[in-house]
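All values below come from the heavy atoms of this structure, side chains included, with hydrogens, waters and symmetry mates left out. Values in this document were obtained by computation on a predicted structure and should not be read as measured data.
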Amino acid sequence: MVNDAQVPADGETAGERYPSILQVVLDAEDARGLAEFYRQLYGLHYRPGDEPPAEGEANDDGWLVLRGAGISLAFQRTEKVARSTWPSSEVPQQFHLDTTVPTIDELERQKDRALALGATLLLDRTDDPEEPLYVIADPAGHPLCIFVGD
């Protein structure tokens, strides 16, 4: 196991420079709606200028960014997004987010929150003693995992 003292700064390894990951971008037919799902699920906030418009103002939601908790998620409006059919391989996941909670009780609470926000349950693996988890799909069909872990 590598201890933190041995881990180099982001973007650098033994003098070698690498690009830094800025954010994860999700395509969506309704970028604002998907951004709102993740904003509420993870307690993120909009980048200045990306907030929802006041009533009666134009809604330019072609590109939105949420920030917080050490991550940035961006949302890009697209004409059509093929909803993942996971666990079937017909339309693969393409990507998914892994998120953790500290306890089984919190796992249940967060699954219920996600479903109330419009998610769909894809897999219940809460009977796994080593890594209980739920796989859910966000409202646009992107899978994400919530599991008990570090």
Side-chain angles (χ1 to χ4, degrees), residues 7-13 17-128 130-150:
V7 177
D10 285 349
E12 189 174 323
T13 302
R17 300 274 320 152
Y18 299 96
S20 296
I21 296 172
L22 177 64
Q23 59 205 7
V24 175
V25 181
L26 291 90
D27 287 349
E29 294 170 32
D30 177 7
R32 177 70 65 195
L34 193 58
E36 275 299 298
F37 170 82
Y38 282 100
R39 183 188 68 77
Q40 293 177 50
L41 184 63
Y42 294 123
L44 303 173
H45 59 273
Y46 284 102
R47 172 182 66 176
D50 286 350
E51 301 89 353
E55 192 170 325
E57 289 184 7
N59 185 16
D60 181 16
D61 66 352
W63 181 266
L64 303 168
V65 177
L66 293 174
R67 295 181 175 151
I71 189 169
S72 290
L73 295 176
F75 303 86
Q76 175 175 262
R77 186 178 54 229
T78 60
E79 288 287 317
K80 182 78 175 143
V81 177
R83 189 176 184 93
S84 172
T85 58
W86 186 92
S88 164
S89 62
E90 185 179 320
V91 178
Q93 291 184 58
Q94 300 160 3
F95 96 103
H96 73 270
L97 297 174
D98 279 343
T99 60
T100 64
V101 294
T103 66
I104 288 282
D105 288 342
E106 190 63 15
L107 177 66
E108 291 299 323
R109 190 175 86 76
Q110 294 302 330
K111 182 258 309 177
D112 291 343
R113 284 187 63 245
L115 296 178
L117 292 168
T120 305
L121 182 63
L122 298 177
L123 174 71
D124 176 344
R125 203 178 77 192
T126 55
D127 59 350
D128 183 329
E130 293 185 28
E131 189 178 64
L133 68 80
Y134 286 110
V135 180
I136 62 172
D138 69 23
H142 304 108
L144 63 109
C145 297
I146 306 173
F147 59 93
V148 177
D150 295 337

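- Residues Pro139 and Gly118 come closest through the heavy atom pair CG-O, 3.8 Å.
- A cation-pi arrangement is present between Arg32 and Tyr46 under the rule of less than 6.0 angstrom and at most 45 degrees off the ring axis.
- Checking Asp105 against Thr103 by side-chain atom types alone, no donor-acceptor pair falls below 3.5 Å.
- Of all heavy-atom pairs spanning Asp50 and Trp63, the tightest one is OD1-O, 4.0 Å.
- Taking every heavy atom of both residues into account, Thr120 and Arg83 meet most closely at OG1-NH2, 3.8 Å.
- A distance-only check finds a donor-acceptor pair linking the side chain of Thr99 to the backbone of Cys145 [under 3.5 Å].
- Side-chain atoms of Gln93 never come within 3.5 Å of backbone atoms of Ser84 as a donor-acceptor pair (strictly under, hydrogens ignored).
- Within the 4.5 Å cutoff, side-chain heavy atoms of Pro132 are placed close to those of Ile104.
- The distance from the CG atom of Leu41 to the CG atom of Leu66 is 11.0 Å, given to the nearest 0.5 Å.
- Side-chain contact between Asp128 and Leu133 is absent, with no heavy-atom pair separated by less than 4.5 Å.
- Contact detail for Arg47 and Arg67: the closest heavy-atom pair is CD-NH2, 3.5 Å.
- Separation of atoms NE2 (His142) and CG (Leu34) is listed at 6.5 Å; rounding is to 0.5 Å.
- The backbone N or O of Tyr38 sits nowhere less than 3.5 Å from a side-chain atom of Gln40 that would complete a donor-acceptor pair.
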Passes side chain to side chain contact (heavy atoms under 4.5 Å, CB included), Ile71 versus Tyr42? Steps please. CA-CA 10 Å; Ile71 189 169; Tyr42 294 123; over 6 Å; no
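- Side-chain contact between Val101 and Val148 is present, with at least one heavy-atom pair separated by less than 4.5 Å.
- Of all heavy-atom pairs spanning Pro48 and Glu51, the tightest one is CA-OE2, 3.5 Å.
- Atom-to-atom distance recorded for Tyr134:OH and Gln110:CD is 12.0 Å, nearest 0.5 angstrom.
- Interatomic distance, NE2 of His45 versus CZ of Arg39, reported as 11.5 Å (0.5 Å rounding).
- In this structure, the separation between CG on Leu117 and CG on Asp112 is 11.0 Å, given to the nearest 0.5 Å.
- Between the CZ atom in Phe37 and the CG atom in Leu144 there is a gap of 6.0 Å [rounded to 0.5 Å].
- Between Asp61 and Asp30, the closest heavy-atom pair is OD2-OD1, 4.4 Å.
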